[in-house]
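Have a look at the structure below, then the notes.
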Amino acid sequence: MGRITEEHDPSGVSSRWPRIRPSGDSAVLIEFENRIDPEVNRNVRALALTIENDPFPGILEALPAYRALMLTYDPLQIEYPDLIERVHAWIERAGSIDLPPRRLFRLPTVYGGPHGPDLERVSEKVRLSPADVIRVFSEARFMVYFIGFICGLAYLGGLPEMLRVPRLATPRTLVPAGSVGLAGGQANAITTDQPSGFNYIGRTFVSLYDPKVFPPIPFVSGDEILFLPTDEKEARQAHGRGATEFL
Amino acid sequence: MKAFEVIHPGMNTTLQDLGRPGFMKYGTPASGAADRFAARAANWLVGNAETCAVLETTLFRLELVALNELVIAVAGADLAPEVNGAPLPMWESVSIKKGETVRFRARRKGLRAYLAVAGGFSAPVFLGSRSVFVRGLMGRPLEAGQVLEIVQAPGANLSKRLPREFIPPDPSRNPIRVILGPQEDRFTRLGLETFLSSAYQVSAQADRMGYRLEGPPIEHLKGADIISEPIARGAVQVPGDGLPIVLLWDAQVSGGYTKIANVISADLDRLAQVMPGEKLRFQAVTLEEAHQILRKAKEFLDQVCRTIQA
């Protein structure tokens with residue numbers, strides 16, 4: 001990876017990535033190319049791992065996202081110029097780090113019916129039969145780009161282009177935990193009962209979030225997920241079991 | 001040991017400590033007392049470590065009855081606290097007897113008050129913290145009839161008081177200071193000027209997650225959306241309608257709206273005391289200034305701690 005620039009580039013087409021910008025007085029964003037792409041995300045994860053492997057006083061958390069990493073720090077413990085110097089060194093080192101092998105989760109998922117209230121709608125929108133929507137969706141290996149939002153939501157990439165549908169015009173006020181859905185080229189499996197504007201086509205009963213244990217969520221950036229079609233009975237047998245039982 | 005029974009839970013009353021930093025990469029915000037200065041001071045005043053859980057309550061109506069002899073301290077917003085109908089002095093330790101009632105009668109100044117009890121409130125620990133975070137299934141707001149317990153028997157009862165000059169001033173009197181960015185280049189010059197020169201009113205949509213603000217819309221250069229990325233505490237995001245949202249301690253940890261600025265760490269406590277309906281203004285400072293202000297704030301905090309514990 002090359003040198004960093006801290007200059008502003010409003011055009012967003014600079015080839016001088018990565019770049020660093022402050023995000024408040026206790027965090028910096030380290031940005032890579034401005035697109036959702038497994039290769040770009042690989043750089044983000046490599047940098048996150050490099051930082052985690054090298055604890056440094058005043059450096060708090062390395063938070064990977066799609067194409068940016070946020071590094072939080074304690075300005076009372078580390079001076080900003082020292083921080084930037086460290087970040088440069090980590091970026092240099094991240095180019096040669098090996099990432100851990102990807103894990104593949106195979107989550108039993110019941111599609112359609114009461115667990116997939118938007119399956120028919122999605123089917124009409126993309127002009128595929130409901131069975132074909134299920135087939136295309138369940139054959140996709142979704143990659144966990146990062147964990148965020150709230151309650152450990154995994155941001156998933158890898159939704160087949162033919163399943164591109166918009167969000168609901170009016171979000172549902174309550175969608176049950178484990179619902180598997182898609183919208184705007186993204187997919188997710190929500191971790192707790194919550195409002196959502198995604199189109200939900202199925203549900204897994206595997207536990208995706210438990211704040212009573214550490215870590216509260218089973219996935220890390222780079223993991224892959226298959227939402228395997230199964231009948232309701234089999235899907236329900238996974239109720240309350242941790243996702244790591246389905247590796 | 002039993003401390004209180006809840007007669008009326010008040011509004012959004014939760015137990016909070018200094019939060020659970022370090023779990024953002026698991027999608028978990030730090031949570032914790034929204035006004036950390038007040039929570040720390042309340043704990044110090046009753047002889048607790050600053051990390052003990054305290055009650056955070058908003059506006060008024062919280063009513064508790066003491067189930068034992070207790071030493072408490074109330075700090076933060078002035079919500080007209082009373083013991084058995086008589087004014088309860090704030091920012092100092094107060095002994096109360098078994099059967100006496102503590103009540104927050106009416107809001108006078110600020111939004112959130114903190115009640116600490118000697119020995120510290122007991123509560124389930126999630127990821128190293130007793131802070132309630134309802135959306136994350138980590139505890140619940142207070143309920144009528146609930147009995148609050150103390151972690152450990154309190155030590156010697158020493159009377160402590162915060163000197164008046166250390167009590168924070170009116171929260172909305174001065175502008176809230178921000179560092180511009182990280183997406184300040186996604187706004188027009190006019191948009192940035194609007195943000196820094198207008199008064200914004202805190203809307204009714206204001207809770208521990210954040211404040212939606214009402215006022216002149218802020219003009220984007222080319223759309224309000226970015227590829228989702230982590231959000232720092234105090235971020236000011238501006239969605240498509242141009243109205244800013246300031247994110248606080250229970251906010252989501254990632255999102256896809258442009259962020260015009262970020263409130264400096266030293267002003268987060270004050271921000272958390274601004275009421276819905278009140279107006280606030282933003283003032284830009286440099287990163288170096290923000291760090292300098294934070295060092296001053298830390299010196300002040302250390303001085304307060306030494307003074308109380310002296």
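Chain A is the first sequence line, chain B the second, and so forth, proteins listed ahead of strands; every chain is numbered from 1.
For A/Val220, no part lies under 4.5 angstrom from a heavy atom of chain B. Proximity to chain A (any heavy atom under 4.5 Å) is restricted, for B/Ala251, to the backbone atoms N, CA, C and O. Contact annotation for A/Leu63: both backbone and side-chain heavy atoms come within less than 4.5 Å of a heavy atom of chain B. Heavy atoms of B/Gln183 lying under 4.5 Å from chain A belong to its backbone as well as its side chain. Interface remark: A/Glu52 contributes side-chain atoms only to the contact with chain B (heavy atom separation under 4.5 Å). Of the atoms belonging to B/Ile293, not a single heavy atom falls under 4.5 Å from chain A. Heavy-atom distances place the side chain of B/Phe133, and not its backbone, under 4.5 Å from chain A. Within the 4.5 angstrom heavy-atom criterion, no atom of A/Ala48 approaches chain B. Heavy-atom distances place the side chain of B/Leu287, and not its backbone, under 4.5 Å from chain A.
The distance from the CD atom of A/Glu31 to the CD1 atom of B/Ile226 is 8.5 Å, given to the nearest 0.5 Å. In this structure, CZ in B/Arg233 is found 11.0 Å from OG in A/Ser23, a value given to the nearest 0.5 Å.
Within a 6.0 Å radius of CG in B/Asp207, other residues, nucleotides and ligands contribute more than 12 heavy atoms. For A/Glu85, the CD atom counts as loosely surrounded, since its 6.0 Å shell holds 12 or fewer non-hydrogen atoms of other residues, nucleotides or ligands. Heavy atoms of other residues, nucleotides or ligands lying less than 6.0 angstrom from OH of A/Tyr73 number more than 12.
Residues A/Glu61 and B/Val253 have side chains not in contact (no heavy-atom distance under 4.5 Å, counting atoms from C-beta outward). Proximity of A/Pro216 to B/Leu127: side-chain heavy atoms (C-beta onward) are separated by under 4.5 Å at one or more points.
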Give every donor-acceptor pair under 3.5 Å between a side-chain atom in residues 140-156 of chain A and any protein atom, sequence neighbours left out.
| from | atom 1 | to | atom 2 | distance (Å) |
| --- | --- | --- | --- | --- |
| A/Arg141 | NE | A/Glu224 | OE1 | 3.3 |
| A/Arg141 | NH2 | A/Glu224 | OE1 | 3.0 |
| A/Tyr155 | OH | B/Ser254 | OG | 2.8 |

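In this structure a side-chain-to-backbone donor-acceptor pair under 3.5 Å is missing from B/Glu229 to A/Ala65. Between the B/Tyr26 side chain and the A/Pro211 main chain, no donor and acceptor come within less than 3.5 Å of each other.
Using a 4.5 Å cut-off between non-hydrogen atoms, the part of residues 295-304 of chain B that approaches chain A consists of B/Arg295, B/Lys298.
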*What's the verdict on side chain to side chain contact (heavy atoms under 4.5 Å, CB included) for B/Leu137 and A/Thr192, showing C-alpha distance, side-chain angles and the deciding distance?*
CA-CA 8 Å; B/Leu137 314 180; A/Thr192 59; 3.7 Å; yes

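Across B/Gly128, B/Ser228, B/Pro124, the residue that shares the most heavy-atom pairs under 4.5 angstrom with chain A is B/Ser228. Options A/Ala62, A/Ser221, A/Ala68, A/Pro22 differ in how many heavy-atom pairs under 4.5 Å they form with chain B, and the most are formed by A/Pro22. Among the candidates B/Ser265, B/Gly181, B/Ala290, B/Gly234, the residue making the largest number of heavy-atom pairs closer than 4.5 Å to chain A is B/Ser265.
Ion pair A/Asp25/B/Arg177 not flagged as a salt bridge, since none of the NZ, NE, NH1 or NH2 atoms sits closer than 4.0 Å to an Asp/Glu carboxylate oxygen.
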